[in-house]
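Here the structure is laid out as structure tokens; the discussion comes afterwards.
Predicted model only: the values in this text are computed from it and were never measured. Chain letters run A, B, ... following the sequence lines, proteins first, then strands; residues in each count from 1. All values below come from the heavy atoms of this structure, side chains included, with hydrogens, waters and symmetry mates left out.
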Amino acid sequence: MSAFNLLSEPIRKYIRDQRWESLRPIQEAAIQKIIATDNNYVLISRTASGKTEAAFLPILSKVNFKEKGVKVLYISPLIALINDQFMRVEKLCEYLDVPVTKWHGEASKGAKDRLIKAPEGIVLITPESLEAMFVNKPYHIHHLFSTLDYVVIDEIHSFLGSDRGIHLQSLLQRLQKVNTGKFTTVALSATVSDENNYAELKDFLGDPEHTKVIRDTTPKPINAVFKYFEGQTKELPLDLLKDLYRRTRDSKVLVFPNARGKVEEVAVRLKKLSEKVGGHANYFSHHSSVDKEVREYVEFFAKKSTHENFCISCTSTLELGIDIGNVDEVAQIDATHSIASLIQRVGRSGRREGKSSNLFLYATERWSLLQSLACWLLFKDQYIEPVTMSQKPYDVLVHQLLSVVKGSSGITLDKLIEDLTDNAAFKNISAEEVMEIVDHLTAIDFLEKLGPEYIIGIEGEKVVNTRDFYTLFHTPVFFRVVSQGVKIGELPLSAQTRPDENIYLSARIWKIKDIDYEAKKIEVTPAKDGKKPLFFGDAADTASKIREKMLEILISDDKYDFLDEPGDEIIRQMRKDFSIYEIRSHQTDRPLFSGNDKLKFYSFTGSKINRTLRFMLNRVGIETQFEENESKFELGFSKKSEFISVLKDLNLNTINSDEALAELLDNFPDVLNFSKWGEFLPLKYQIELLKNQYFDFEGCNEFLQNLNCIENK
DNA sequence: GACCTGCTGCGGACTG
């Protein structure tokens, strides 16, 4: 039977009313499988290929909504995505007379209350709101979600490989436990690495044997142009902005300059260029520190603009799912840190059927150009960096321990251990380890033993009873930026935030009038000229494969027809610079330069291995100047044979790493900042976290074993 | 220089 005929009558009517000529390939396949089986499915297909419908059309046809209770739970990483999907799903559900409820921190309380009075239909939720319910209203979890037939997880790749993902995995397991039957899961994603990674995905959904992947690999044509404009100063080159302006003045564009400060610089300077020549004034900025209402206005503007052109300068806030309408072009300024990120960004343009995607890539620095090329070529080879889920997520365990205890208001040790060791998210953590962590939490008053049962302790109450408890990620302190009562955005405190400084924010220029440290508020007034704002943050890690590809480009003589003349010249120069080494294999050979009184070692490997290598060298007394973008270590001595033999002997066996890591934690407690809950673990487990998440000793050892240093001629 | 994500419950003012 055709997929269309498998659908229920109201759903078929919906499709007819939409005047769809046919179902997309991913929809055909998903409908056949989801209707016929009770397997979990992961639907992988590029953006704007109809994945949401591929999941909901068959689920809505299959589920009996006449039964009591909520039947379908949709989980999304973003509030904005929930709001976006709500409109689509609700329109579909009108045909079935099934109610849809948004449940997140900014959703209406009234709608939530109505759902509690009469639990039914479909609920759209975030992992954090689900967590809050487990902690504060565990009876609502039973009341609302014990009759689920389906759980749909959107943008699942954004959860993979992170603590937030382990958290969600744990919540899904806890949810399955309260379910009277067994719910089926359908996960959606645009960017997941190939077969290697399907194991991670299947594990994530908790039942690998009954989890299948449906993938549509139909490519979308992408027109790419790479350009090089050398950046001499801290500001972006004017010529680059002029070129960007010329190319995009008559279209709808997203620009991704990688950092919030640069996002503001691009928005303000392009707007000025446009003003000068009487072009449109629709230049916006969009990132996490732009006020929410301003961001929503920008999204709304883009969505409703059919004839009017616009340019939004943005960070990864506009990288995921939200359909902001028809975008003609995407401009990326300097390299993305990952291929997945590049794919998502390119996919923002040409969403309309039959339209191709357009990418302008601008590089301002040679290594960034090289990395951009590497990402692009790997993407063309359909390579996406694999992600790995933490095998021993002790930090998430601490959080879930507190959540379970708080939600139970009194639980025995046996039950607590059973709850956590049963949970697939923690399957590699033993009962003994859980017990040890419980003991530690009791010792620091996070838990308290009351007769046979554990409850939250005095110190634990301080942590559990705050808004901040529900998330697995840290957030820095920000000051609100306000002009005459209107909120514009936020800024961190820095040398720049002081009266009379002029700064860009939300694509406009402001003068700082006053700073209220008590109320964490910065009062500003409009100004004519200023500087880009300073933000702090950590650069994301780059995969080893990208660095290897960079070296491969340097030793090949391939020509790239999408690269402009200055870019071509830079690659020629870099190839010449590296021709003094006889590199034969981009996998094992690495350049080692020795000059008068220094050595330069180019590792061409990923951030984690670099970090580990630097730490190990430091342990054997070798101080290095490290440059991540170039994957380069500089040493203040020239004895290259000595350095080569040190590298050969470096491994875990020659360094007492547990002791070394304990020392590191003692001297620099901030290294644990990547983990919000890690600080509440016993030292032994903090060390494990460092080993498993911050460093990569295994990868580093492998790198060193294969390493063949090639000296300059 | 260096991304992003989310958030309870209560009290009180205001609106219809």
Just checking A:S316: base, sugar-phosphate only, or nothing, at a heavy-atom cut-off of under 4.0 Å?
-> base

Residue pairs meeting salt bridge (charged side-chain N to carboxylate O under 4.0 Å, His left out), one or both in residues 123-140 of chain A, sequence neighbours left out, come to A:E128-A:R164

Aromatic plane relationship, A:Y362 with A:F229 - under 30° parallel, 30 to 60° tilted, over 60° perpendicular | tilted

Looking for any heavy atom pair under 4.0 Å, which part of the strands does A:K262 touch: base, sugar-phosphate only, or nothing?
-> sugar-phosphate

Any salt bridge between A:E490 and A:K520, counting N to O under 4.0 Å?
-> no

Please write out the pairs of protein N or O atoms and N or O atoms of nucleotides 13-16 of chain B separated by less than 3.5 Å, giving the distance to one decimal.
none

In whole angstrom, what separates A:F535's CZ from B:dC3's C1'?
-> 12 Å

Atom pairs under 3.5 Å, N or O on each side, protein against nucleotides 6-9 of chain B: can you list them with distances?
{"residue": "B:dG6", "atom": "OP1", "partner": "A:I79", "partner atom": "N", "Å": "2.6"}
{"residue": "B:dG6", "atom": "O3'", "partner": "A:T126", "partner atom": "OG1", "Å": "3.3"}
{"residue": "B:dG6", "atom": "N2", "partner": "A:D468", "partner atom": "OD1", "Å": "3.2"}
{"residue": "B:dG6", "atom": "N2", "partner": "A:T471", "partner atom": "OG1", "Å": "3.4"}
{"residue": "B:dC7", "atom": "OP1", "partner": "A:G105", "partner atom": "N", "Å": "3.2"}
{"residue": "B:dC7", "atom": "OP1", "partner": "A:T126", "partner atom": "OG1", "Å": "2.5"}
{"residue": "B:dC7", "atom": "OP1", "partner": "A:S129", "partner atom": "OG", "Å": "2.3"}
{"residue": "B:dC7", "atom": "OP2", "partner": "A:G105", "partner atom": "N", "Å": "3.1"}
{"residue": "B:dC7", "atom": "O2", "partner": "A:R467", "partner atom": "O", "Å": "2.6"}
{"residue": "B:dC7", "atom": "O2", "partner": "A:R467", "partner atom": "NE", "Å": "3.2"}
{"residue": "B:dC7", "atom": "N3", "partner": "A:R467", "partner atom": "NH2", "Å": "3.2"}
{"residue": "B:dT8", "atom": "O4'", "partner": "A:Y470", "partner atom": "OH", "Å": "3.2"}
{"residue": "B:dT8", "atom": "O3'", "partner": "A:N136", "partner atom": "ND2", "Å": "3.3"}
{"residue": "B:dT8", "atom": "O4", "partner": "A:R467", "partner atom": "NE", "Å": "3.4"}
{"residue": "B:dT8", "atom": "O4", "partner": "A:R467", "partner atom": "NH1", "Å": "3.4"}
{"residue": "B:dG9", "atom": "OP1", "partner": "A:K137", "partner atom": "NZ", "Å": "3.1"}

A:F256 has an atom CZ; how far is it from atom C1' of B:dC4, in whole Å?
-> 12 Å

Between A:T317 and A:H286, do the side chains contain an N or O donor and an N or O acceptor separated by less than 3.5 Å?
-> yes

Rounded distance (Å) that lies between atom P of B:dT5 and atom CG of A:D538 | 16 Å

Could you tell me whether the phosphate oxygens of B:dA2, OP1 or OP2, come under 4.0 Å of any side-chain nitrogen or oxygen in A:R260?
-> no

Can a donor-acceptor pair be found between the side chains of A:Q85 and A:D154 at a distance below 3.5 Å?
-> yes

Between B:dA2, B:dG1, B:dC4, spot the one nearest the side chain of A:K234, thanks.
-> B:dG1

Carefully, step by step, assess A:Y74 and A:W103 under the rule ring pair (Phe, Tyr, Trp, His ring centres under 6.0 Å).
-> CA-CA 10 Å; A:Y74 163 96; A:W103 192 297; over 10 Å; no

Kindly confirm or rule out a cation-pi arrangement of A:R614 over A:F626, judged by NZ or CZ under 6.0 Å from the six-membered ring centre and within 45° of its axis?
-> no

Atom pair distance, as rounded to whole Å: CG in A:D154 and C1' in B:dC4 | 16 Å

Please state how far atom CG in A:N629 lies from atom C1' in B:dA2, giving the value in whole angstrom units.
-> 9 Å

Distance check: side-chain N/O of A:T317 vs OP1/OP2 of B:dC3, anything under 4.0 Å?
-> no

With sugar-phosphate meaning primed atoms plus P, OP1 and OP2, does A:A540 contact a base, only sugar-phosphate, or nothing at under 4.0 Å between heavy atoms?
-> base

Measure the distance from CD1 on A:I82 to C1' on B:dT5 and round it to the nearest whole Å.
-> 12 Å

Checking ring pair (Phe, Tyr, Trp, His ring centres under 6.0 Å) for the pair A:H399/A:F469: CA distance, chi angles, key distance, verdict?
-> CA-CA 8 Å; A:H399 181 258; A:F469 179 72; 4.4 Å; yes

Atom CG of A:N258 and atom P of B:dC3 are separated, to the nearest Å, by 9 Å

Provide, to the nearest angstrom, the distance between the NZ atom belonging to A:K292 and the P atom belonging to B:dT5.
-> 12 Å

Between the main-chain N or O of A:L236 and the side-chain N or O of A:R269, is there a donor-acceptor pair closer than 3.5 Å?
-> yes

